[in-house]
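What follows is a set of notes on a single structure, which appears directly below.
In the text below, chain A, chain B and the rest are named by the order of the sequence lines, each starting its count at 1.
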Amino acid sequence: MQQKDDNLKDIISHAKEYGFVFPSSEIYDGLAATYDYGQLGAELKNNIKSYWWKSMVQMHENIVGIDSAIFMHPSVWKASGHVDAFNDPLIDNKDSKKRYRADVLIEENIEKIRQKINKDVAKGLKRFGDDFDVEQFKATNPNVLRNQAKIDSIEDRMRTALNNEDLEGVYNLIIDLGIACPVSGTKNWTEVRQFNLMFSTELGSVSGDASKIYLRPETAQGIFVNFLNVQKTGRMKIPFGIAQIGKAFRNEIVARQFIFRMREFEQMEMQFFVRPGEEMKWYEYWKEQRMNWHKALGLGEKNYRLHDHIKLAHYANAAADIEFNFPMGFKELEGIHSRTDFDLKQHQELSGKKLQYFDTELNENYVPYVVETSVGLDRMFLSVLSSSFKNELLEDGKTRAVLSLPYALAPYKVAVMPLLKRDGLPEKAREVMNLLKFDMNCIYDEKDTAGKRYRRQDAIGTPFCVMIDHQTLEDETVTIRNRDTMKQDRVSIQELNTIIGEKVSFNSLFK
RNA sequence: GCGGGCGUAGCUCAGGGGUAGAGCAUCACCUUGCCAAGGUGAGGGUCGUGAGUUCGAAUCUCAUCGCCCGCUCCA
């Protein structure tokens with residue numbers, strides 16, 4: 001484990017040193033768990049997006065892509081369940097260091113009082129036997145009445161406080177009830193704090209409740225609200241999918257572990273609309289497809305595993321994670337969920353608009369079921385980076401830092417370099433670079449010794465280095481050096497585009 | 001929020017009361033010429049911030065801020 005943590009540290013500093021990922025706002029001491037992608041990170045990230053987009057959208061006739069807004073109508077999040085389900089008042093016990101949901105603590109207290117009533121009822125039953133009228137007893141017994149009044153008053157105070165978002169009121173209620181921590185037994189509480197999953201902001205220039213809107217906590221809803229738009233304008237026939245890449249925001253209580261869990265992150269999602277009753281078939285189909293997609297990258301098959309969820313979210317009837325062996329251990333990389341017709345039905349209800357599909361084969365209308373695939377782009381980035389980063393021990397006892405990125409994902413595909421900074425070699429190198437730069441991202445480097453330059457390219461994952469030497473001037477050939485084998489071949493300049501182009505193309509991944 | 005760790009040059013760190021150092025990196029020149037770390041020179045730091053103690057604080061005290069790790073939450 002120690003080894004693994006150190007490994008993550010090395011990756012973080014390597015990422016910073018070479019311009020992949022910087023801590024955000026670093027000159028102001030940074031902002032917790034927020035990161036910026038640098039010049040090479042942006043290239044790598046874009047390449048990952050391309051890999052996903054090409055394989056999901058362009059290679060499936062029945063999947064199209066959209067790009068919806070981050071701001072959405074507030075009702076969207078009521079419909080999706082996000083407003084109600086993720087809005088918890090939390091409180092900490094200072095002695096046990098345990099954190100509780102404040103409303104749950106109060107509920108438990110109420111439950112205790114309810115038990116007292118039940119005890120009294122049980123006593124009555126024992127004493128009077130079959131003649132005992134439970135309802136009448138509850139309505140008249142002073143003990144029961146007193147306890148019931150207590151419950152009513154607590155529930156009333158709690159409801160009022162929660163509805164008014166009066167956190168102090170919730171705190172006072174806990175204190176007044178004398179609730180103690182089950183672990184430490186003390187009543188030494190922190191204040192009650194609200195943890196909202198969603199970030200909110202004000203739309204328009206006048207602040208007020210009416211203009212409060214949220215930053216989307218998932219991109220999926222942008223797809224659901226456009227279901228009909230896309231289906232009709234694209235004349236889509238079920239089964240079909242809508243894909244999207246975009247940012248989402250979640251106010252995680254702890255956002256940690258580099259770019260693995262951030263409050264601002266990017267998702268690559270596809271919602272696949274299917275006939276009711278066929279969802280499990282497609283769920284299995286996409287589980288397999290998505291796993292194959294990951295494995296095609298060649299980061300190591302043993303680094304992936306499938307984890308089926310036992311506890312399901314409120315909208316799902318089946319769910320699985322594709323987990324990756326990150327430096328911190330196996331963690332979720334992609335989720336595949338059978339979301340049923342929950343979302344479309346909810347939107348249909350709240351919007352009052354029919355969100356249905358007329359199936360000409362069945363000759364009937366229905367709300368489609370949905371199978372979702374959702375990859376964390378930043379997690380994908382980390383999986384690629386962490387599994388590619390190596391400190392190799394070479395035969396001569398020296399070490400080299402190398403990023404063995406999949407060729408298609410590498411920020412630069414080729415580095416062009418003159419062996420010497422004179423004799424017309426730099427000019428010739430520029431010529432070669434001009435030949436290649438329209439087809440692939442190139443970098444030019446003439447500083448330092450050849451070996452040093454090779455190492456620099458290894459460290460940023462550039463698959464190929466083309467060296468222009470004196471022989472080049474005579475016969476138009478160059479050496480091309482491979483990042484992984486460190487072997488060189490001499491080839492003619494004319495062949496370069498084909499030779500390199502073939503190897504760095506996405507096609508090799510799709511086959 | 002709690003607990004722990006850490007803030008000195010771009011990076012890795014040394015220095016623990018007398019006014020800031022090394023290696024690497026950067027830049028220039030020389031040398032070499034296909035797998036990093038040859039030579040010479042140069043630039044670069046109000047030692048996280050603020051207060052206190054002291055003749056004097058990077059160094060001691062207190063506070064504060066930030067980052068990292070762990071715990072609580074997680075679609």
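Contact annotation for A:K447: backbone-only contact, meaning every heavy-atom pair under 4.0 Å involves sugar-phosphate atoms and none involves a base. Among the protein residues, A:S374 comes within range of no part of the nucleic acid, since none of its heavy atoms lies under 4.0 Å from any strand. Base engagement by A:R481 is indicated by at least one non-hydrogen atom pair under 4.0 Å involving a base atom. As judged by a 4.0 angstrom heavy-atom cut-off over every strand, A:T399 is placed among the base-contacting residues. At the heavy-atom level, A:R483 lies nowhere under 4.0 Å from the strands shown.
Taking A:Y285 as the reference, nothing meets the side chain to side chain donor-acceptor pair (under 3.5 Å) condition, with sequence neighbours excluded. Residues meeting the ring pair (Phe, Tyr, Trp, His ring centres under 6.0 Å) test with A:F342, sequence neighbours left out: A:H314.
For B:A25, one of the phosphate oxygens OP1 or OP2 lies less than 4.0 angstrom from a side-chain nitrogen or oxygen of A:K452.
In textbook terms, a nucleotide whose glycosidic angle is within 90° of 0 is syn, while B:G15, being further out, is anti.
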* Structure fact -> Note, RNA chain B 5' to 3' with Watson-Crick or G-U pairs under 3.5 Å encoded as ( ), [ ], | and . gives ((((((((.[[[[.)..(..]]]].(((((.......))))).....[[[[[..)....]]]]])))))))....
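The base of B:C34 lies close enough to the side chain of A:Q488 for a donor and an acceptor atom to sit less than 3.5 Å apart. The base of B:A75 lies close enough to the side chain of A:H82 for a donor and an acceptor atom to sit less than 3.5 Å apart.
With no hydrogens or angles considered, no side-chain donor-acceptor pair links A:E476 and A:S492 at under 3.5 Å. With hydrogens and angles left out, the side-chain atoms of A:N317 and A:S338 include a donor and acceptor closer than 3.5 Å.
Here B:C35 is the nucleotide among B:C68, B:C35, B:U26 with the atom lying nearest to any side-chain atom of A:M486. When the nucleotides B:G33, B:C69, B:C34 are ranked by their closest atom to the side chain of A:Q257, B:C69 comes out on top.
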